[in-house]
Amino acid sequence: MRGITVRGIPETITKCISDNQRFVLLTHIHPDGDALGSMFGLADILEGMGKEVFCFVEEPVSQLYAFLPGAGRASCDLDALHEFVRQAHDKAMMIALDSGDDNRLGKYKDELLAITPLVVIDHHKSHKEYGECRWVEPTRSSTGEMVYELAMALGVEISYSCAFHLYVAICTDTGSFRFDSTHPRTFQIAARLLEAGVNPAEISCKIYDNYSVARLSLLQLVLATLTLYAADQVACIHVTPDMFAASGAAVQDIEGFIDYPRSLQTVKVAVFIKEIQPGQIAVSLRAKGGCDVAEIAKVFNGGGHRNAAGFRFSGKDLAEVRSQVLRVLNNDLGVQPDSTDG
Ligand code: 5GP
Ligand code: MN
């Protein structure tokens, strides 16, 4: 273990931010609303303080989040990132947001970790310590909520663009303020963001009523795979490369699909097995409080939160992955293996 981990904003972070001029912001691969919202929100805050900011992403921002005011500023150019750091005479400060594990920084992980100091701001229960300084609060609804607290600690006024980004971050990570990570403080912050000009109906529309026909076609194919196990306590869906090809949908379009199996009354755990490319499988798990899916994901070297977690496999086929996951879930739910036959 290197560096320090603190609950409550470490003074080192506010001091480093005040003392530095150039910042590189990072987040996790396949960034979701919290990842992008907290990154662009923090970029707004830093620029409001007269700092220079480079937002790095491994892949272009998903069409689903193209509506974010900051979407156009995200760069996939690693050379440009290095040049930005060089111009700071190697004194740029790296900040990783919403990434609970350094492996989640993606394919350029080693190059990114080579630039120091790295400050980590995260709210994952399964957080694996990395970076020189960490601020990790697993009880927080979202990294966006933590970025708001950071702005307050820095004495920065929240601009409309920043409020927009942080609201998207909080709204998406709380399932629109439905999950049990939603605390009184979450609503207090949301209220402040509305006071800064955010229109919740407009943002909801941009997040949830903004899909392509291809996405709905893919949803039809995926929902047709719905299978129940363990006396209907486990619901499983999957997607294959063929389904992407048949529907014309993109990988990002599957965000939110797992809400459908989770919505069933009897279901305690929803499983979404995503074969993005042949042999490359990612698994999403969702629970409703009865089962700690972060612990299930850990069995497979993944992680996440109590009610939302995931992990990755390569070189295994979909049926094999499903039976391994079901075996672990059966154990956890105390169900006999022979009741997994649907
Ligand atoms: P999702 O299912 O939406 O991809 O991810 C749900 C949660 O699990 C997120 O908080 C995400 O960070 C975490 N997660 C998903 N996949 C992985 C993984 O491969 N490794 C780790 N450590 N966490 C993951
Ligand atoms: Mn998050």
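What you see is a predicted model; the values in this text were computed from it and never measured. When a ligand or atom number is given, it counts from 1 through the structure's own listing order.
Of the N and O atoms on the side chains of Q324 and E320, not one donor lies less than 3.5 Å from an acceptor on the other residue. Using modelled atom types and a 3.5 Å distance limit, the side chains of Y65 and E255 yield a donor-acceptor pair. In this model, no donor atom of one side chain and acceptor atom of the other lie less than 3.5 Å apart for D34 and T172. Remark: the E132 side chain and the T116 side chain contain no N/O donor-acceptor pair separated by less than 3.5 Å. In this structure, a donor-acceptor pair under 3.5 Å is present between the side chains of S284 and K274.
Counting only heavy atoms of the protein, atom 21 (C) of ligand 1 lies nearest to G303 N, 3.3 Å. A308 O, 3.5 Å is the protein heavy atom nearest to atom 7 (C) of ligand 1. For atom 20 (N) of ligand 1, the nearest non-hydrogen atom of the protein is R104 CD, 3.5 Å. For atom 9 (C) of ligand 1, the nearest protein heavy atom (residue, atom name, distance) is H124 NE2, 3.8 Å. Among all protein heavy atoms, the one lying closest to atom 19 (O) of ligand 1 is R312 NE, 3.0 Å. Annotation: atom 15 (C) of ligand 1 to nearest protein heavy atom, G310 CA, 3.5 Å. Atom 2 (O) of ligand 1 has its closest protein heavy atom at S284 OG, 2.6 Å.
Just one residue in the list H127, R104, R140 forms a side chain to side chain donor-acceptor pair (under 3.5 Å) with D122, and that residue is H127.
Under a 4.0 Å N-O distance rule, the pair K125/E295 qualifies as a salt bridge. Electrostatic pairing of E275 and K316 does not count as a salt bridge here, judged by no charged N lying under 4.0 Å from a carboxylate O.
Under a 4.0 Å criterion applied to the non-hydrogen atoms of H305, ligand 1 contributes the atoms 10 (O). Annotation for ligand 1: atoms under 4.0 Å from non-hydrogen atoms of F311 are 16 (N), 17 (C), 18 (C), 19 (O). In summary, the atoms of ligand 1 found under 4.0 Å from a heavy atom of G304, numbered by their order in the structure, are 8 (O), 13 (C).
The aromatic rings of F311 and F313 sit perpendicular to each other, their planes meeting at more than 60°, with 30° as the lower class boundary. Classification of the H124-H28 ring pair by plane angle, with boundaries at 30° and 60°, yields perpendicular.
Distances from the Mn ion (ligand 2) under 2.8 Å pick out these protein N/O/S atoms: D34 OD2, D98 OD1, H123 NE2, D173 OD2.
The backbone N or O of L226 sits nowhere less than 3.5 Å from a side-chain atom of H238 that would complete a donor-acceptor pair.
Inclusion of V283 in the set of residues having an N or O under 3.5 Å from an N or O of ligand 1 is not warranted. Between S126 and ligand 1, not a single N/O pair is under 3.5 Å apart.
When the options K298, R286, H30, H127 are ranked by their closest heavy atom to atom 5 (O) of ligand 1, first place goes to R286.
Centroid-to-centroid, the aromatic rings of F177 and F187 come within less than 6.0 Å.
The environment of F67 atom CZ is dense: over 12 non-hydrogen atoms of other residues, nucleotides or ligands sit within 6.0 angstrom.
Residue contacts with ligand 1 include A309, since one of its heavy atoms falls under 4.0 Å from the ligand.
Nearest heavy atom pair, residue R322 against residue Y229, reads CD-OH, 3.4 Å.
Contact annotation: for E255 versus ligand 1, there are no heavy atoms closer than 4.0 Å. Neither the backbone nor the side chain of K128 comes within 4.0 Å of ligand 1, counting heavy atoms alone.
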